[in-house]
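Got a structure here, written out as structure tokens. Questions coming.
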Amino acid sequence: MKRFAQALVFGAMAGLASAGSATENRDLPGNGPAAYKENGRYYTEDGVPAYFIAEDGTVDWATFSGFRRYHAECHVCHGPDGMGSTYAPPLKDAVERMDYYDFVYTVSNGIQNVSASHQTVMPTFGQNKNVMCYIDDIYVYLKARGDGVLERGRPAKKEAKPDAITAFENECMAGG
Amino acid sequence: MKKLFAFTSTVALCAGTAALANDELIGLMNDPTQWVIQTGNYANHRYSGLDKINRENVGDLQVAWTFSTGVLRGHEGSPLVIGDTMYVHTPFPNIVYALDLNNDGRIKWKYEPKQDASVIPVMCCDTVNRGVAYANNTIFLHQADTTVVALNAETGEVKWTAVNGDPSIGETNTATVLPVGDKVIVGISGGEFGVRGHVTAYNMETGERVWRGYSMGPDSDTLIDPENTTHLGKPVGPDSGTNTWEGDQWKIGGGTTWGWYSYDPELNLVYYGSGNPSTWNPSQRPGDNRWSMTIFARDADTGMAKWLYQMTPHDEWDFDGVNEMVLTEQEVDGQMRKLLTHFDRNGLGYTLDRETGELLVAEKYDPAVNWTTGVDMDPNSPTYGRPAVVPEYSTAQNGEDVNSTGICPAALGSKDQQPSAFSPRTNLFYVPTNHVCMDYEPFRVSYTAGQPYVGATLSMYPAPDSHGGMGNFIAWDGVKGEIKWSIPEQFSVWSGALATAGDVVFYGTLEGYLKAIDAETGEELYRFKTPSGIIGNVMSYEHDGQQYIGILSGVGGWAGIGLAAGLTNPNDGLGAVGGYAALSDYTALGGQLTVFKLPD
């Protein structure tokens with residue numbers, strides 16, 4: 001029960017950013033899903049976190065951060081670049097099927113369906129700050145991979161780290 | 001005659017004293033018709049004295065029989081054969097089958113532990129298990145959830161259980177155990193969860209804990225004697241397990257102990273290596289982080305450390321020191337010496353004097369290795385025994401949030417746990433290796449008990465400017481520190497090798513081939529494609545006058561995770577598509593034992 005509550009707090013944090021005030025660039029160039037930028041992050045029209053890749057291939061900070069966090073926290077089961085492994089399914093495809101909210105829910109709560117012929121478990125990350133403070137980053141990274149706009153490997157060029165994201169990160173990692 | 005021997009010693013063992021248990025086990029190890037320990041013998045030779053299958057006839061090998069384990073995860077380790085019974089284990093849920101070799105492998109008994117599935121997600125990188133051990137008419141299984149179980153070898157009945165660790169803080173098990181005297185010696189996994197590694201001895205008859213030595217901590221925890229335990233010939237001094245750590249970081253210091261142990265009955269010393277310090281971000285743990293990445297020699301009865309050698313002080317690349325310790329007697333500079341040879345993840349092949357811990361050889365066993373220019377071999381130098389780190393490839397010197405590129409080997413190591421073989425006929429080691437390099441970027445992480453504690457992002461790719469494959473299978477001269485020959489492989493070789501008195505060497509590949517090669521030349525003599533990729537170890541036994549070769553298939557483990565989708569090389573430039581061979585184009589999940597023999 002406590003775990004679940006924790007997960008919800010984190011989930012809410014992810015959504016909270018859009019309640020902030022520093023909205024910019026209402027008319028973003030390019031034809032990705034990003035509609036606006038707020039507190040250093042990009043969002044779709046519906047307020048769901050989105051990646052932003054400029055014409056010269058520069059990725060937004062969150063997408064780059066997602067690449068890093070994915071490869072630190074998820075890679076050991078889901079394989080490099082969201083491609084899947086002999087152990088767990090490809091997440092670049094999962095985010096095309098499931099929406100942002102289901103994604104956050106799954107990562108917070110895990111999946112356990114162990115039977116005689118199936119012995120894999122998706123962990124519960126709701127209490128893990130190394131994951132939950134970066135869940136939007138991981139999501140937009142995987143979405144960019146799934147949409148086919150980001151190649152495998154490390155993004156070559158990235159935006160500078162926005163102060164608003166640094167502030168959010170510090171608060172999230174420090175908070176309980 | 002040999003069977004008779006096995007039978008009588010089983011009877012004798014009901015007496016159950018230490019000396020008898022050792023004598024029985026050593027007797028069985030010396031009997032080539034049986035395969036009584038995962039590593040072939042206490043010296044970890046993975047050598048079979050059988051020669052009915054030899055380099056002249058191995059080309060005629062055919063499948064004798066097969067067995068499905070019913071589990072579709074990575075299958076490491078191998079079956080054992082004791083008398084007329086074969087013991088086959090599986091990955092989680094860690095089933096053990098006793099198969100009757102007199103009755104076409106009919107199942108004599110099956111043991112399936114009930115384990116909490118919550119252990120699965122804390123087992124980094126698949127739910128492998130490297131097999132059971134045997135002594136004293138008992139099968140020893142160390143389950144994923146760290147329960148050690150003693151099973152009656154005849155009936156499968158549980159004699160005792162002992163709980164070795166706590167999965168809720170990330171302590172799990174993947175390794176086999178080592179029966180020595182009246183004890184079973186067991187390790188622990190969980191280096192990616194901030195576990196503090198330890199090695200523990202349990203009483204073989206009762207399961208009672210006898211001693212435990214930690215990899216780091218106060219001397220009373222590490223069982224290190226400041227005056228008598230030596231590092232490169234010198235006493236280590238007080239508090240060596242805490243004084244190279246900042247603050248309390250040693251409490252979550254890693255140094256786990258999941259490799260292949262060996263034992264010298266004359267010296268009564270057990271040898272094993274400790275794993276990476278936690279986290280993978282070196283900036284979060286300044287200092288040498290002793291005794292992670294260390295070869296340990298401990299007294300089997302008391303656990304006291306006799307000598308230590310830290311191979312990779314202050315690890316910056318995840319080069320766990322757990323790989324097998326192989327014991328040989330060979331001539332060095334005209335003198336017979338008791339040697340220990342070890343192929344480390346860091347790409348160096350070490351040979352030490354196993355009585356004293358003196359360092360004799362430290363040479364690269366893959367020419368691609370670039371993070372170090374070599375080890376200081378001058379006993380008078382202040383950096384004696386330390387590898388000289390190349391600044392360009394130092395993830396610590398480059399610092400947090402910097403991507404260090406082109407480091408060879410990758411975190412998988414030039415070799416992971418997949419054990420090598422040694423043939424006393426050729427005096428060569430046969431070593432399955434990885435030929436993979438990486439980019440590595442460390443960053444800050446916070447510790448939560450039971451959650452991964454990694455703190456680095458890495459991408460891996462085949463060694464550049466080489467044959468394009470991700471592995472090699474090499475023959476190594478441990479005294480000279482030289483590669484004799486090297487066979488390029490498309491994928492990492494993740495299968496334990498077997499050398500035989502027939503001068504044939506066997507190994508498996510990730511595509512699923514069992515291969516037989518000439519022990520002298522490396523020439524391929526036979527291959528057969530089994531149903532799934534091989535990360536298990538080849539074994540051999542004799543039954544009714546026929547020699548058999550056995551291997552588990554079932555792709556997975558680290559290899560299955562890293563290589564399933566294939567690798568890309570970031571150095572190929574922006575937007576390079578494609579990448580290298582994907583394992584998923586060659587093989588799929590499986591869980592099968594395949595047994596080979598010559599035609600009748």
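First the proteins, then the strands, lettered A, B, ... as listed; each starts at 1.
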Do other residues, nucleotides or ligands put more than 12 heavy atoms under 6.0 Å from the CG atom of D163(A)?
-> no

Could you check which of P452(B), S118(B), S446(B), G556(B) has the highest count of heavy-atom pairs closer than 4.5 Å to chain A?
-> S446(B)

Note: S85(A) and G560(B) closest approach over all heavy atoms is CB-O, 3.8 Å

Show your working on side-chain contact (heavy atoms from CB on, under 4.5 Å) between N403(B) and R154(A) and close with a plain yes or no.
-> CA-CA 10 Å; N403(B) 190 35; R154(A) 182 188 178 89; 3.2 Å; yes

Portion of H75(A) that has a non-hydrogen atom of chain B nearer than 4.5 angstrom | both

Of all residues at least two apart in sequence or in a different chain, which pass the side chain to side chain donor-acceptor pair (under 3.5 Å) check with T587(B)?
-> none

Chain A heavy atoms under 4.5 Å from F443(B): which part of the residue, side chain, backbone, both or neither?
-> side chain

Interface residues of residues 64-74 of chain A facing chain B - non-hydrogen atoms under 4.5 Å apart = F64(A), F67(A), R68(A), R69(A), H71(A), A72(A), E73(A)

Tell me, out of T448(B), V445(B), V454(B), who's got the most heavy-atom pairs with chain A below 4.5 Å.
-> V445(B)

Report the C-alpha separation of M173(A) and R444(B) in whole Å, then their side-chain angles, then the decisive distance to 0.1 Å, and conclude whether the side-chain contact (heavy atoms from CB on, under 4.5 Å) test is met.
-> CA-CA 10 Å; M173(A) 290 297 277; R444(B) 200 140 281 267; over 6 Å; no

Engaged part of A117(B) at the chain A interface, taking heavy atoms whose separation is under 4.5 Å | both

Of all heavy-atom pairs between L589(B) and T86(A), which one has the smallest distance, and what is that distance?
-> CD2-O, 3.4 Å

Segment of N281(B) engaging chain A (4.5 angstrom heavy-atom cut-off) = neither

